[in-house]
Structure formats: C-alpha cells, structure tokens
Amino acid sequence: MQPMPTTAQAPSRVAVAIVEDDAGFLDALRQAVRTADDLRLSGVAATRADGLALLDGPPADVLLVDLGLPDGSGIDIIRAAAQRWPECAIMVSSSFGDETHVMRSIEAGAAGYLLKDSAPVRIVDEIRSLAAGGSPISPIIARQILLRFRDRGTDLTPPPMAETGPAGTEAPEETPSLLSPREKEVLSLITKGFTTVEVARMLDLSHFTVRTFVRRIYSKLEVTSKAEAIYEARTLGLLNG
Amino acid sequence: MTFRPASLLAAAVLLFSAMSLLIAGVHDMVGEPGKAVHLTRAEILLADGGTPSRPPTTLDGGSPTGAWQAIGLPYAEPMVPVDRTVPAMAPGYPANTWIRLSAPDLTAGPGPMALYGARIDTDGPYAIYVNGRLVDWQQRQGRPWNGLFTPLWVVLDQDANGGPPTDILIRLDHAPTTPVALSTLWLGPEPALNLRHRVRQLLQRELPMALNSAFLAVGVFALVVWFRRRHDTGYLLFFGLAAISFAAHLHFYLDVPITSDWFAWLTINALFWLIVILHLFLRMLHGRPLTLLTGAVVGVTSILTFLTLPMVGVLPVLPSTPVIVPRIYAVALVMAATVSVVGVACAWRRFPEARLLAAALAICTVLGQTDWMMHNHVLSPEGWFLGAYTNAVTFAMCGTVLYRRYIAAIAEVERVNASLAERLRAREAELEVSHQRLREAERRRTISEERQRLMQDMHDGVGASLISAIRSVEKGAVDDTKVSQILKGCLDDLKLAIDSMEPVDADLLLLLASLRYRLEPRLEGSGITLVWNVQDLPTLEWLDPSSALHILRILQEGIANILHHAQASRIRLDTIPDTQGDAPGVRVTIEDDGRGFDAEATVASPSGRGLRNQQRRAQALGGMVAWNSSPSGTRFSLWLPLNRDMPVAAG
C-alpha cells in the first residue's frame, strides 16, 4: 500500500507527532517511524500539558494521541489540535479500539485510531493511510455511526470524487449532517464483516477510496456532534444567540 | 355552604301567606268604599217539585209563595246520612230550594253591576232572578266536576227602569235528599267586585292548575331521564307520581259533567293509584321491601280499578256516586293513612329527610281533610278546597328530596374526584418508589451477573493462558516467540471479552464481524484465505453480552483449531437461517480444506477439552455444535435457536 509518492527528501516526509505516556509503546512507535523512509518524528510529549504545548509549534501531518494521560484526558488535545492544526490528521491510540473511546475521539476531531498491539508494519501503514486522507473503521464503530445518522435521512448529493487529499475538508457542507447512500452502503457492508478491500471490490471502487469515504463520514460525525453540542448548550442557556 | 332542608317548602308556605295577606287586603279595600253591598241575610223556601224544570224568564207573579224562613249566610244544610238516600239520584231534579235576598241600600252607579258569591252548592241547575227577571241559568246538565270550585259571578245588565238591583231570587234544583249550600253574596259595581272574583278564581282553580301542570312537566323530564337510565326506577316513579297527581286533580279544573263514565272512573281511581305510587316512592326512599303492604296496596287498587270499570260495571261509579264514593274514599283514607304511617316509621331512622316527609304527609292529610269537611258541609261554603294544593306539597317534598340528592351527588362526585386524584398521586409515588427499587435490584443483579461472567471467563480464558505462559517461561522450555504468541492469545481473549460487551443490537452478523475484525491480523499472518460468505439473519432477541461471549468463544475456538491443527489454506464462513426440528434458528458454518480429524474420538479424549467447551457453551445457549470431518476438510457448524425461553446456565 503506497498511496503517496514517497521521496527521500526530509521536507516531503510525513511529520508525525506523538503524545504518549506509555514508554514501551512510545519506543515501539519511534522504532516504527524510524524504519519508514517516508515518515519522520516531529515531536513527542508524555503529558496532557506537554501535548497542548506541542501545538504551539509547527503543525505535524499526523498526530498520535493517547487518551489516558497522567494529568488529564487526551480528548482535550484532540479537540485543541483539530482547531489549531486543521490540516493535521489526528489518530487516537487505544488498547482495544472499543466503541466508547473511539467514538468520543472521532467526535472531538480524530480521523482514525491505532490499536496498541498492532504490528510495526501495520502501524506504519495506518499512519501513511491517515496522512493520505483515509481512515480505518471497525464493524462496531460502523454500526454506531449508522445509528447516529439513522433518524436524519440521506444526503442525496453525489459524493465528490475526492481520490486525493484530505477528503473531509473538501466535502460539500450544505448538508453535513446527512450520509449519502454510498456512505451508508459502505458502513452497512462493514457491519456485516466485510473488510475495506472486499467492500471496495463489491462497490467497484479502489481500496483507498473506501478509506476516504470513512474519513468523510468521520468529519460529518464531528460536525454533527459539534452542532448538537451547540444546540444542547443553547437549550441549557449556556450560550446566547 | 349550609343547606336548609325544607327551603322549598318554606318558600311555598311564605308564598301562601303572602297570598292570604293580599286577599285580606282586597277585602278591606273593596269593603270600605261602600259601593258594594255584602249580603249576609236571606230567606229560604223549600218546595218539592211542581215547578217547571225550565225556569221562566220573568217571575210575573213575584216570589213563589210558601213558608219563607229567615236564614243567615253562609248557609249550608247538614249532610243526610248516605244510607237513607233511596233512590240515590232520581232522574231529573224534583226538589227546588228558593233563596231570596234584598239589597235596599244599593245605589246604582254608572257602570255595570255584578253579583258575586264564593260558592253555590247544588247538584242540579240553578237560576238567578234579579228584580224578577232571569239573569243566569247554570249547570243545566247537572253540576260538572269543577262546579264546587267555581265562584258565582253574574254581571247584571242595567235594569230596564234604570233602578238598582234590589231583589235577588235564586232557584236551586236538586235531588230531594241533597243538601244545598250558599256562601254570602256581594252585590255592587262590577269593577269593585271583579278583583275579589279573580282572586277566588286564581287561588281555588288557576294556581293549583298551574302547579299541577308544572309538576307534570317535571314528571315528563324525569321520564326522559329514565329512558336513558332504566335502572334508576326513582325517575319512573316520580313521573308516575306527577302524571297520576295530574289526573287525580283534573276534576278541580275541567268542566266535565259528572255523568261522564270514564272521567268518573279516572277521578275515583287516580286517588288509589296516587297512594300506590306514593307507597312505592316512600319504599324507594327508605329502602325496605315491605312486601306484604305493597301486595295489599297494589291488590286493592287493582281490584277497585277493575271493578269500577264502566264496561265491567260491578261497582259502577255512576249513577250511584253518592253511595259508592264515600265508601271508596273510606278505603282510600285507610290505605293512605297506613302507607303514610308505615312509610314515615320506616324512614325515620334510615332516611335523613324523614321529618320532612312526615311533615309533608301531615300537611297533605290536613289539606285533604278540609276538602272532606267542605264536601260534607262541616266547613262554611265560604271556605277553601285546599286539597288542590296537596299536589304542590307533594311536589315540594319530592322536589326537595331530589334536590338534596342531586346536590349530595354532585358533592360526592367532587369528593370522589378529589380522592381519586389524591389516590392516583399516592399510587404514582408508590409506583415510582417500587420502580426505583426494581431498577436498583435489576442493576445489582446485572452487575453481579456480569462480575460472575467475567470471573468465569478470566478463569477459563486469559487466566489459564497466562498461567500456562508463566509456567512455560519458568521452565525455560519455550523461546521468546512462543511466549509472545501465548501473550497475544491472552490479549485476543481479552479483546473478545470486551467485544462481547459492545452494543450489537441482537445482530449476530455484527458479532461475527467483530470476531473477524479481531482475528484478521492473525489470519493475515497465517497466509490462510478467509472467504466471508454471510447472508442477513433474523435478529436474536436473546443476544445479551453473556450469550455474545459464548458465541465468540465457540467460534474463536473453532478458528483457532483450524489455525493450529488443520494445515488448511482456505477457510469459509457461512451464515444461513435454518430450522432445527420445528424450532426456527440460524446456523453458522466454518469449513476448512485441512486434513480433518476424528471429532468423536477427540471429544472423548483428554485433549478434547476445547471441543467439549464448545459443546457446553452451545448447550448453554440452547443451541448445538457439530463436526463433519473428512481427510479433505472439516465442516464445523453452530446452530442457534431464534427464540430462547430457558435461562442460560452460568458458565
């Protein structure tokens, strides 16, 4: 899987920043990044405070965040990074990839997740895919997203053929809270146990396109959850206007 | 808000008093000017027959001659005992009684003069001569039913000579034994006497009639109510009371000749029906059956009603009225008294308005008594037939009772509503508390079950694997790769345990998808191709976390067996709805192209612990597992029921 043309020059390499308090996993990550020619480590933090401070520096392409930090939740870093490094793809690292953690992270602005016990090769693949605009998904997450959007109907505008670049940011935003029929189809197949490769074959798409669909779905979920949060805040009188 | 029990009755009494005062005032007013003359002295002459039945228009020869006797007015002859009246009523009116009055002091005014008297009582016609000229001839067919209640009222033409009416002669025709009576007379200008006449008409006839009609109207209303509420016989009885009262009092107002058979029958019997209805009404109020009395009252009334029928004629009311009526009325009196006394006695303790009832019945009795006394000339003919007002009293009594019941019913409804709301609130609070308790208990039970489940799983799965890994490391018998593999297996176990707790919405396919998602990395590493050949399945409503873990472990074991032992290159997983016997269910099959094994022997052998675990877990779900193995591959299948009634055994 080589979606991006890789070069040996340092500036074109994908900059990876890491916020992780688990020294063992941090080492594994460092090792994995170092072995890949197209990746470089641009910053490391082990606490929530350091992680937030890291955002003052130059933006990375991929930010890996652990949720359970000694001085607070990684969610805060995800939320802050989504604002201050809008071009950066955020990835949450998780032991189990369980629904609660992953959904919360996506709603905060994460574009993917990484299982901590993944093999080094797989870690590198996930980082590359994320940097290229794709996102991973699991059946449980797919079902949860379908449930979130179930009562909202369907966005009937055809999905843009965004084969390259971060798809979510370029997607038409008129009806950000709706899923297109295609997106629904993808999610539905995922919940039945088909892999992204199989789904791509069934829908006559490239494997990577399916992953960009997932990224766009995550963006919609983030926008929706923000809108809902604002609505709820208004209802509670926390915001004026 | 206090309630005055007899307010209606009190109002009626007040009205009556006001009327009496008014009449007294009228007396004074018309008496004072002196223009009208009150005639209280007269002369009387009794003549048996010999006069033409049609009175001549003038009395040329002056007054009839004979033994005139001076009398005072009002004048009433004593009643003759009925037994001696033979024949009861002879054809024609062979006897005449003449009464002569003179008013020498009267001066003629410009307007018409009038003659007024409260009552003139004879069973035949009467003729009135003024100054020797016939001015009025009434009751030519005999006295009508309302004759006794109609005052004498003659407006006199101006005398031909222009003189005042000074001599008045009244001829009363009657049966020889019928006693006659005459009230005092008034002679004077018509306007001066008219008011007196009108008031008499109003109080003796029109007001009772109006009250009677009003009672009937309310009765009809009650009847309409009864149509909608057939079980409430009180309304029907009330209508009966009103209707029969109306019928029984018709003779006070109707100008029907007494010779009308049916009207006589109706008038006589209505009194009995009234007593029956009154009895039933009282019975309803106090609630005692009084079977014997009811039977007697109804029986007597029915017999009399039948016997007095004009067509049956056993006890014809006519023409022997004077013989029959007093006896029949005697029966009525006994019946009414019995019914009243028993009714009040029964009601006294049970029924709050008993005093009111007693008072009303007493008043009715007194009023009825005056009628009897008027009829029998015990009271002066100047007096009032008050029996017509018994209706008003009955009406007032029943109205008061019903009014009180109505008010009480409304109050009761309000009270019931209030208490209902109160009870509802209390019940809601109670429910909320018990619901909370239930939820708490449910929560505790769930926690306890989950704890048990996790403990069991840790014990069988991760725990056992970790212990085996530690032992292997301690023995030094395995290399680092092997230890890493064992630990990875532990982590997989843990991941499946976590997946089993994820919300899968009873969707077995989603659970299988999760399993695949977890096993994919290991399959990728093994070089085995997995063919995912699933189709949609009906939801398994019983699929809770505990059951989900059983299914995950069964399939995990199945795939692990293939990975470790089968040396397969290809695995295929199918799902299909499948009915086992007559139980609908779903089937998951896993096929490999490996070398196969002897399932039966393995299950029985010590190394078959994994297969036995699969069997045990499937049984716990009410499902079953099967192996179909040949040298060219193995087909493992798990069947699960669609509906599961039995609770899952722990473990």
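Proteins get letters first, then strands, A, B, ... in listed order; numbering begins at 1 in each.
Atom CG in B:Asp492 sits 7.5 Å away from atom CG in A:Asp117 (nearest 0.5 Å). The distance from atom NZ of A:Lys192 to atom CG of B:Leu512, rounded to the nearest 0.5 Å, is 12.5 Å. Between atom OG of residue A:Ser188 and atom CG of residue B:Asp536 there is a gap of 7.5 Å, rounded to the nearest 0.5 Å. Here the OG1-CG distance, from A:Thr191 to B:Leu511, works out to 12.5 Å after rounding to the nearest 0.5 Å.
Residues A:Phe96 and B:Leu491 are in side-chain contact: their nearest non-hydrogen atoms beyond the backbone lie under 4.5 Å apart.
Between the side chain of B:Trp532 and the backbone N or O of A:Glu198, no donor-acceptor pair lies under 3.5 Å.
For A:Ile137 against B:Tyr517, the heavy-atom pair with the smallest separation is O-CE1, 3.6 Å. Across every non-hydrogen atom of B:Ser514 and A:Ile140, the tightest pair is OG-CG1, 3.3 Å. Across all non-hydrogen atoms, the minimal contact from B:Arg516 to A:Gly193 is NH1-O, 2.7 Å.
Options B:Glu520, B:Arg518, B:Glu524 differ in how many heavy-atom pairs under 4.5 Å they form with chain A, and the most are formed by B:Arg518.
For A:Leu115, the part sitting under 4.5 Å from any heavy atom of chain B is the side chain, from C-beta outward, and nothing else. In this structure, no portion of A:Leu189 lies under 4.5 Å from any heavy atom of chain B. For B:Asp499, no part sits under 4.5 Å from any heavy atom of chain A, backbone or side chain. Contact of B:Ile498 with chain A is made through the side chain alone, with heavy-atom distances under 4.5 Å. Of the two parts of A:Thr195, the backbone and the side chain both hold a non-hydrogen atom closer than 4.5 Å to a non-hydrogen atom of chain B.
Using a cutoff of 4.0 Å between basic side-chain nitrogens and carboxylate oxygens, B:Lys495 and A:Asp98 are not scored as salt-bridged. No salt bridge links B:Glu502 with A:Arg143; every basic N to acidic carboxylate O contact stays at or beyond 4.0 Å.
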